[in-house]
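Below you'll find the structure, written out as structure tokens, and then a few comments.
When a residue number appears, it is its place in the shown sequence, counting from 1.
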Amino acid sequence: MFNIKNILLPTDLSKLSLSAAEYAVDIAIQYDAAIHLLHVLEKTPPILTIRTLEMSQEKIIKLIEEEARKSLENTVGVIRGNKNVKINPVLRRGLDYEEIVEYAKNEKIDLIVIATHGRTGILHTLLGSVAEKVVRYAKAPVLVIAPQNGE
């Protein structure tokens, strides 16, 4: 018997990456579990952004982080809707799949629910994608969700 209390839902905040959210919410309700909504930022912003805006790297990083936190909070509301489910928004900086795997390990995640693809919209048949790397390296079970037609 499964005892699922902590579900990790990684997202790049795109509509495609959130196609897995409905599954995570349904499982969370069924098992009275908490969802950890994880968004991973790149370690450093693209150099083009820094040169275009003529701002310091520190200011760019802070601005990107503030925007990501706002988007993450908005996403929590969208995912929760009118359902009574606990969602913990988490923002990390690093290499996406490594941060996902590390977070799952450190927070004793029972299940990772992840979409097959996100912002790029390209289905790599999992090869080389974040989802594939999470499946390969995570110790927790991983439920991989493909977007439905029209998403």
Side-chain angles (χ1 to χ4, degrees), residues 1-46 49 58 60-151:
M1 182 69 188
F2 296 107
N3 188 16
I4 299 172
K5 290 298 170 195
N6 290 291
I7 300 168
L8 179 57
L9 178 61
T11 181
D12 65 7
L13 301 173
S14 69
K15 184 177 179 182
L16 286 172
S17 74
L18 291 173
S19 59
E22 187 177 332
Y23 290 88
V25 168
D26 286 349
I27 294 167
I29 290 170
Q30 182 178 355
Y31 287 93
D32 192 28
I35 296 174
H36 299 250
L37 182 65
L38 175 64
H39 177 62
V40 180
L41 294 171
E42 294 178 47
K43 285 185 180 179
T44 56
T49 304
E58 293 78 25
I60 293 289
I61 290 171
K62 185 175 180 182
L63 182 64
I64 290 171
E65 191 171 305
E66 287 173 5
E67 287 300 314
R69 285 191 193 285
K70 287 179 191 174
S71 295
L72 197 56
E73 287 297 331
N74 290 339
T75 302
V76 167
V78 170
I79 291 172
R80 182 178 288 130
N82 61 356
K83 296 178 179 164
N84 186 18
V85 62
K86 183 178 180 183
I87 302 176
N88 304 317
V90 180
L91 188 62
R92 288 279 185 95
R93 182 175 304 282
L95 189 57
D96 44 21
Y97 79 93
E98 287 178 353
E99 292 297 323
I100 293 166
V101 169
E102 182 181 326
Y103 185 88
K105 178 183 166 192
N106 293 341
E107 297 299 319
K108 297 181 177 51
I109 296 297
D110 302 305
L111 177 67
I112 301 170
V113 181
I114 190 169
T116 54
H117 55 288
R119 189 171 286 124
T120 61
I122 300 170
L123 179 59
H124 305 267
T125 58
L126 293 181
L127 188 61
S129 70
V130 173
E132 188 272 336
K133 290 174 184 166
V134 170
V135 168
R136 184 181 299 167
Y137 298 112
K139 300 298 182 207
V142 181
L143 175 60
V144 181
I145 306 298
Q148 301 301 310
N149 292 339
E151 287 188 307

Contact summary for [X] and [Y], nearest pair of heavy atoms:
X    : Y    : value
A33  : I7   : CB-CD1, 4.0 Å
I112 : A104 : CD1-CB, 3.8 Å
A115 : S19  : CB-OG, 3.6 Å
N88  : A34  : ND2-CB, 4.2 Å

- Message: Counting only heavy atoms not in E22 (residues, nucleotides, ligands), do more than 12 fall under 6.0 Å from its CD?
- Response: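 Check fails, neighbour count at 12 or below.
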
- Please say whether more than 12 non-hydrogen atoms of neighbouring residues, nucleotides or ligands are located less than 6.0 Å from CG in N84.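 For N84, atom CG is not crowded (no more than 12 foreign heavy atoms under 6.0 Å).
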
Decide yes or no for [X] and [Y]: does some side-chain heavy atom of the first lie under 4.5 Å from some side-chain heavy atom of the second?
X    : Y    : answer
I61  : R93  : yes
L143 : I145 : yes
E107 : L8   : no

What pairs of donor and acceptor atoms, side-chain ones from residues 66-73 against any protein atom, are under 3.5 angstrom apart with sequence neighbours left out?
{"residue": "R69", "atom": "NH2", "partner": "E65", "partner atom": "OE2", "Å": "3.2"}
{"residue": "S71", "atom": "OG", "partner": "E67", "partner atom": "O", "Å": "3.1"}

- Query: Roughly how far, to the nearest 0.5 Å, is the CG atom of L37 from the CD1 atom of I79?
  - Reply: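 The CD1 atom of I79 sits 4.5 Å away from the CG atom of L37.
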
- Query: Looking at residues at least two apart in the chain, or sitting in another chain, which of them share a salt bridge (Lys or Arg N to Asp or Glu O under 4.0 Å) with R80?
  - Reply: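 Once residues adjacent in sequence are excluded, R80 has no partner under the salt bridge (Lys or Arg N to Asp or Glu O under 4.0 Å) criterion.
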
Under 3.5 Å, is there a donor-acceptor pair between the side chain of [X] and the main chain of [Y]?
X    : Y   : answer
D110 : K5  : yes
H39  : T11 : yes
S17  : D12 : yes

- Would you please name every residue forming a ring-ring contact (aromatic ring centres under 6.0 Å, His included) with Y97, sequence neighbours left out?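 Residues passing ring-ring contact (aromatic ring centres under 6.0 Å, His included) with Y97: Y137.
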
